[in-house]
Structure formats: C-alpha cells, structure tokens
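Data first, discussion second: the structure below is written as structure tokens.
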Amino acid sequence: MRFKAPKGTYDVLPEKAEKWEFLEEAARSIFKIYGYRPIETPIFEATELFARGIGEATDIVQKEMYTFTDKGGRSITLRPEGTAPIVRAHEEHGMSQWPQPVKLYYAGSMFRYERPQAGRYRQFYQLGVEALGSNDPALDAEVIILLLEYCRSVGVKEMDLLISSMGCSECRSSYIEALKDFARERISKLCPDCARRFEVNPLRLFDCKNPACGEVLAGAPKMIDYLCDGCRVHFESVKGHLGKAGVGYKIDPTLVRGLDYYTRTTFEVQSGYLGAQNAIGGGGRYDGLAEELGGAPAPGIGFALGIERLAMAVEAESGKIPGEYELDVFVVAVDDSVRVDAFMLAQRLRGEGLVAEMDYLGRSIKGQLKLADKLGARFAAFVGPEELAAGLCRLKNMVTGEQEDVPLGGAPAYLADKVFEEPVK
RNA sequence: GUGGCCGUAGCUCAAUUGGUUAGAGCGUCGGACUGUGGCUCCGAAGGCUGAGGGUUCAAGUCCCUUCGGUCACCCCA
C-alpha cells in the first residue's frame, strides 16, 4: 500500500480508542460536576482569529499553523488551540448575556505543524474548559483544581503543579522594561538564541536550557516581584484558595506560556513519565483576549490537556486504562440450514442489551468455538436442527464448560439475567 | 526549521567478509474420523527488503537522494 497516515498523525486503533473513550467520558463527567457545559466549535477558523488571539510573534502563529486558502479566497487555519475559537463564539452568540460566568468544556483535535516527537504530534486531541465572565480568583483555583482532580481520578498519581502570574498589561510592560534593562547589560554573556529572544520576546529568555544563560538569568528580575497591587492581590488569593483546598503547588516565576493572551494566573501540570514534553495540561487567565479579538471585554480562564500525554502518564503509573471489549454471547450455527435462525437469535440477544456475535465466514462448529474463545465470549449459544425441532437452545458457559438446554424463546431473557445479575468472572 | 539513531511479511525479529529460490516466532485462515473452544501437532496465504538513483559480475547488505519512524533542540498538549 502506498498510503500512510500523514507525518505526525496516526490511527487510533480500537484498543487505544477504547481507552480514550474511557478518559474522555471521565472528563465529561467531572467537568459537568463542576458546572461546565459542552461546546463544539469548527475545526477550522479564519486565520486572523488565531494570528490576533495567540499573538503574531508566537511560534504557533509564525511557523506552526496549518493555513490554506479556500475556494472563496478566505485564509483558513486548522485550529491550533481551543481558547480563541471559544472566545469568538462567546462574543458571536452574546454569551455575556447568559448567567455569569459562562462555563464551557470541549474535546477535539488540534493541529500544529511541528516536528513530531515523544508526546507531540501534528494532530493531537485536547480536552479543555473555559470559564468566561468573572475575574474571581476562586475561579482560577477551581479550574486548576479541576485539572488536578481529573488527572488524579483517572490514575495519575505523581504530578507537579506549577503556577505563576503574568501580571496585567500595565505591570507586565514595566516588568519587561526592567528585564530588558537587566539583559541588555549582560547580552554578551548570553547564547545566540537568547540574543534573539531578547529582541523578539524577552520573557522567553527563561526557557533557555543553556546552563550559562541560566546562571546569568538567575539574578534577573521576576515578574511576580513586579505585579501591580491588583495582580498581586489576585495571585495571593489564588494561592490562598489552593492552600485552603489542600492543593500543593510550586511557584515557578519562569513559567512563561507560549501564547500571548495570558494574563495573571498561569499554570501547568507536569509528569515525570512523559519525556521531554512533560506537560500533561496547562492554562491560565486571559482577561484581555476578548477585547483583542474586537469584542466586548470579558475576563476568562481555562486549561487544555493533551489526551495522548494523559494516557501515557496514566499507563506509566497505573498500568492499565479501563475500556475493554467484552462479548457476552457467541451464537454458533451448527450447520448451514440454521444460519438464519442463528442470525435471528443474535438479533434477539442484542434486543436484550447483550453483546452478541456470530460467524460470518462459514466456519465449522469448531472454528466458531475457537473464534468465540478468542473474542472472550462468556457464553456460546448453539442453534442446531435438533434443538430447533425441540424448541430449545443449548447454552454453554465458556468459562466453566457447563451446558444446558433452555427454551429458545426465553433464551435471551434468561441469558440477560445471568450476564447482568451475576458478577463477572 | 536543526541534529542523533532507525526503516526486512499484520506484529517482533533472522539472513555468514556484498553471493544463487529473503527465513522464524506470534497473529490470520484451514485441518487433525461424522455437531463443541482454550493445550499440542500439521498445512496455507502473506515481503518488488520504505521509495528513487548509483557502485559491482552480483546489494536486504556499500554510497547518494528522498520519504517515513524515533529521540532531542526550538516550543508546546
């Protein structure tokens, strides 16, 4: 075959898809408990939405977007993240008139043109929440706790919560000046990459892994020391809420996230089991985004988490993720004359809510039993001329090997009782 | 976009210093006396050795290019 899944993409085969379904269902369930409601936005949007929302200078906008021109001449981009589209929908549908705050969650694929690596793909699946219309620090804490609780509920035990504050437009700009003053005097001691960062986005200086740069920057001014009164009070309150909730966290002043829209609270949940891309999820507050997109002001906060990375962390720590294929009954057609009767029995079994399978390849009885065994069937139901003539159906317990004849008409209900009322195994 | 490693049947891997029809295990399908699984045994199907060039009498084995995978950087979920 000449075709393969495009670079950086992959097929989620049944075994993995079942695990993803489990994780996603668990997420939807806990998101709802926290009062969030589902929303689906288009998988592509006007390029300008992301360019303005995420920031022209960011890596995402500069080199990672899947952009194309549609037949109407519009510049379209496959969504690289979920927040900007939701803020767009919030404005478009007047959600500021809904009971505030508006709490939404989403699940879906995102696209970024990057070199694939462990835990990073060109199409990846995110789960996320957004709460718009309030700048209450309690909401910041709620969102952070929701992320942690969800991860914990599906089996992630060891994870680190990093938090910081990016300040608001006012205090951040004065901080950036201070940082640039500091860096300008030491520019000769920094690596070429950092020299470039200095020009493009000084906040990124802290991302450098170069030890020499790290030493130089250790003495640099920190954003959290430059917060204005409002931002400082907000940050203190977020920490206070987390503390009351018994949530452990680490303040990381260098936690600078790659999207320009963040203000005040930013956070990231990391796992030591993921390799270089160690963030399971992250997010922050974006109080200026709605205005940046040309809408009415609307503060907001949210997070996104990558299901691929979550699944990796869960499997590394807890071994298995639930979500197995289970077969209740395999209907065995004893010979060709009864294949239609077998088919009808399977239909009636399914009508009782039982997972029923049968043979579609004309296999021998032995072959059918082998298949039933491979599929893990709990029961086999024999349909044969002799049983049919007597109005019976022979049931075989595939675990114990016991067999019994029951009236054909009552077989589905009889089996349903056995399957649903008796403990598995 | 940059760099390291890698690319043989569906999967995991073999294939003497380049040498003749590329093998095995698992899996799939079938069979082992007539209506019954899990163990065992037998058989079959399934590879243009990622692709394209080159070197050579001869290439899965060497060289180049390209595509893909993988890991790291940049950055992020």
Side-chain angles (χ1 to χ4, degrees), chain A residues 1-10 13 54 57-64 79-83 107-128 147 151 191-194 196-197 200-201 204 207-210 255-259 268-271 274-283 302-313 330 332-338 359 361-388 394-403:
Chain A
M1 165 101 99
R2 297 161 41 221
F3 296 108
K4 294 178 178 173
K7 181 171 181 150
T9 68
Y10 53 93
L13 303 182
I54 299 170
T58 60
D59 274 14
I60 291 178
V61 173
Q62 286 195 332
K63 58 178 194 182
E64 296 175 5
R79 63 183 180 193
E81 60 103 40
T83 302
S109 289
M110 303 296 163
F111 306 83
R112 290 184 202 168
Y113 190 89
E114 295 185 89
R115 209 52 186 271
Q117 121 187 29
R120 191 169 68 194
Y121 305 93
R122 289 185 169 180
Q123 175 175 350
F124 56 102
Y125 201 84
Q126 283 192 337
L127 304 171
L147 174 56
C151 291
C191 69
D193 268 354
C194 283
R196 184 179 56 79
R197 291 191 183 95
V200 180
N201 188 345
R204 294 236 153 274
D207 289 343
C208 190
K209 304 289 194 294
N210 189 322
L255 178 66
V256 174
R257 315 207 78 253
L259 296 84
E268 195 165 294
V269 170
Q270 301 181 344
S271 164
L274 297 185
Q277 309 306 319
N278 61 357
I280 297 178
F303 71 71
L305 79 82
I307 203 164
E308 291 90 346
R309 293 184 186 177
L310 177 67
M312 269 194 276
F330 189 99
V332 176
V334 167
D335 65 38
D336 286 345
S337 73
V338 298
D359 167 60
L361 296 188
R363 273 179 265 246
S364 64
I365 293 169
K366 190 181 296 245
Q368 295 182 55
L369 264 301
K370 274 189 179 178
L371 179 60
D373 189 55
K374 278 176 207 152
L375 296 178
R378 296 169 62 187
F379 291 92
F382 289 81
V383 175
E386 293 170 22
E387 290 85 349
L388 232 39
R394 176 162 298 176
L395 298 181
K396 173 169 185 168
N397 183 317
M398 293 296 281
V399 178
T400 65
E402 293 167 25
Q403 300 195 47

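Per chain, numbering begins at 1; letters A, B, ... match sequence-line order. Scope of the values below: all heavy atoms of this structure, side chains included, with no hydrogens, waters or symmetry mates.
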A:Lys7 side chain: which of B:U36, B:G69, B:C75 is closest?
B:G69
If you look at every heavy atom in A:Ala380 and A:Val332, which pair is closest and at what distance?
CB-CG2, 4.4 Å
Whether A:Gln117 contacts B:C73 is assessed here as follows: a side-chain N or O lying under 4.0 Å from the phosphate OP1 or OP2. Is that the case?
yes
RNA chain B: 5'-proximal contact among A:Val269 and A:Thr400 (nearest heavy atom)
A:Thr400
Donor-acceptor pair under 3.5 Å, A:Arg115 side chain vs B:C73 base:
no
Between B:U34 and B:G38, how far is it from one C1' atom to the other, in whole Å?
23 Å
In whole Å, I'd like the distance from the CG atom of A:Asn278 to the P atom of B:C71.
14 Å
Please give, in whole Å, the distance from B:C73 P to A:Lys63 NZ?
13 Å
Expressed in angstrom and rounded to an integer, what is the separation of A:Met398 atom CE from B:U36 atom C1'?
9 Å
Can you name the closest pair of heavy atoms from A:Ile280 and A:Ala313 and give their distance?
CD1-CB, 4.0 Å
Is A:Ala372 touching bases, backbone alone, or none of the nucleic acid, heavy atoms closer than 4.0 Å?
nothing
Could you state the interatomic distance from CZ (A:Arg120) to CZ (A:Arg112), rounded to the nearest 0.5 Å?
9.5 Å
Give the intermediate values and the outcome of side-chain contact (heavy atoms from CB on, under 4.5 Å) for residues A:Asp359 and A:Phe330.
CA-CA 8 Å; A:Asp359 167 60; A:Phe330 189 99; 4.2 Å; yes
Once you apply a heavy-atom cut-off of 4.0 Å, does A:Phe330 come out as touching a base, just sugar-phosphate, or nothing?
nothing
Of the listed nucleotides (B:C71, B:A77, B:C74), which one gets closest to any side-chain atom of A:Asp59?
B:C74
Donor-acceptor pair under 3.5 Å, A:Lys4 side chain vs B:C67 base:
no
Considering only the C1' atoms, how many Å lie between B:A44 and B:A9, rounded to the nearest integer?
14 Å
Has the side chain of A:Arg394 got a donor or acceptor atom sitting under 3.5 Å from an opposite partner on the base of B:G35?
no
Among B:U36, B:G35, B:C73, find the nucleotide with the atom closest to the side chain of A:Lys396.
B:U36
Please report the distance, rounded to the nearest Å, between CG in A:Leu274 and P in B:C71.
12 Å
When every nucleotide of nucleotides 26-33 of chain B is labelled 5' to 3' by its protein contacts under 4.0 Å (heavy atoms), B for base, S for sugar-phosphate only, - for none, what sequence of letters results?
--SSSB--
Can you see which heavy atom on A:Arg122 is nearest to which on A:Pro116, and at what distance?
NE-CD, 4.4 Å
What's the gap between B:C33 and B:G50 when it is taken at their P atoms, as a whole Å value?
43 Å
Stepwise, does the side-chain contact (heavy atoms from CB on, under 4.5 Å) test hold for A:Gln126 with A:Arg309?
CA-CA 10 Å; A:Gln126 283 192 337; A:Arg309 293 184 186 177; over 6 Å; no
I would like to know whether A:Lys63 and A:Tyr113 meet side-chain contact (heavy atoms from CB on, under 4.5 Å); could you show each step before the answer?
CA-CA 7 Å; A:Lys63 58 178 194 182; A:Tyr113 190 89; over 6 Å; no
Tell me what A:Glu387 touches on the nucleic acid: a base, only sugar-phosphate, or nothing, going by heavy atoms under 4.0 Å.
base
Would you indicate what A:Gly128 reaches in the nucleic acid, counting non-hydrogen atoms under 4.0 angstrom: base, sugar-phosphate, or nothing?
nothing
Under 4.0 Å, counting only non-hydrogen atoms across every strand here, what does A:Ile307 touch: a base, just sugar-phosphate, or nothing?
nothing
Pair assignment for RNA chain B - dot-bracket with | for other-strand partners, Watson-Crick or G-U under 3.5 Å
(((((((..((((.....[...)))).(((((.......))))).....(((((..]....))))))))))))....
For A:Leu369 and A:Met398, what are the C-alpha separation, side-chain angles and deciding distance, and is it a side-chain contact (heavy atoms from CB on, under 4.5 Å)?
CA-CA 9 Å; A:Leu369 264 301; A:Met398 293 296 281; 3.9 Å; yes
Counting the atoms with a prime plus P, OP1 and OP2 as sugar-phosphate, which does A:Phe382 contact under 4.0 Å by heavy atoms, base, sugar-phosphate, or nothing?
base
Could you work out the separation of B:U16 and B:G7 based on their P atoms and round it to a whole Å?
14 Å
Considering only heavy atoms from C-beta outward, does the side chain of A:Ile60 approach that of A:Glu81 to under 4.5 Å?
no
Specify the closest pair of heavy atoms between A:Arg79 and A:Ser109, including all atoms of both residues, with the distance to one decimal.
NE-O, 2.8 Å
Base, sugar-phosphate, or nothing: which does A:Gln368 touch, judged by heavy atoms less than 4.0 Å apart?
nothing
Using a distance-only criterion (donor-acceptor N/O pair, under 3.5 Å, no hydrogens), is the base of B:G1 paired with the side chain of A:Glu64?
no
Rounded to the nearest Å, what distance is computed from the CG atom of residue A:Asp359 to the P atom of nucleotide B:G35?
16 Å
Between atom CZ in A:Arg120 and atom P in B:A77, what is the gap in whole Å?
11 Å
Taking atom C1' of B:G1 as reference, at what distance in whole Å does atom CD of A:Glu114 sit?
11 Å
Between B:C63 and B:G19, how far is it from one P atom to the other, in whole Å?
15 Å
Pairwise 5' ranking along RNA chain B for A:Pro6 and A:Tyr113, keeping only the more 5' one:
A:Tyr113
Determine the interatomic distance between P on B:C6 and the same-named atom on B:G46; round to the nearest Å.
32 Å
Whole angstrom value for the distance that separates C1' of B:C67 from CZ of A:Phe3:
14 Å
Any idea which heavy atoms bring A:Glu268 and A:Ala279 closest together, and the distance?
OE2-CB, 3.5 Å
Sticking with atom P, work out how far B:U21 lies from B:G60, rounded to a whole angstrom.
10 Å
In the structure I gave you, are the side-chain heavy atoms of A:Glu308 and A:Tyr10 within less than 4.5 Å of one another anywhere?
yes
In whole angstrom, give me the gap between the P atoms of B:G52 and B:C71.
28 Å
Would you mind classifying the nucleic acid contact of A:Gly8 as base, sugar-phosphate or nothing, using non-hydrogen atoms under 4.0 angstrom?
sugar-phosphate
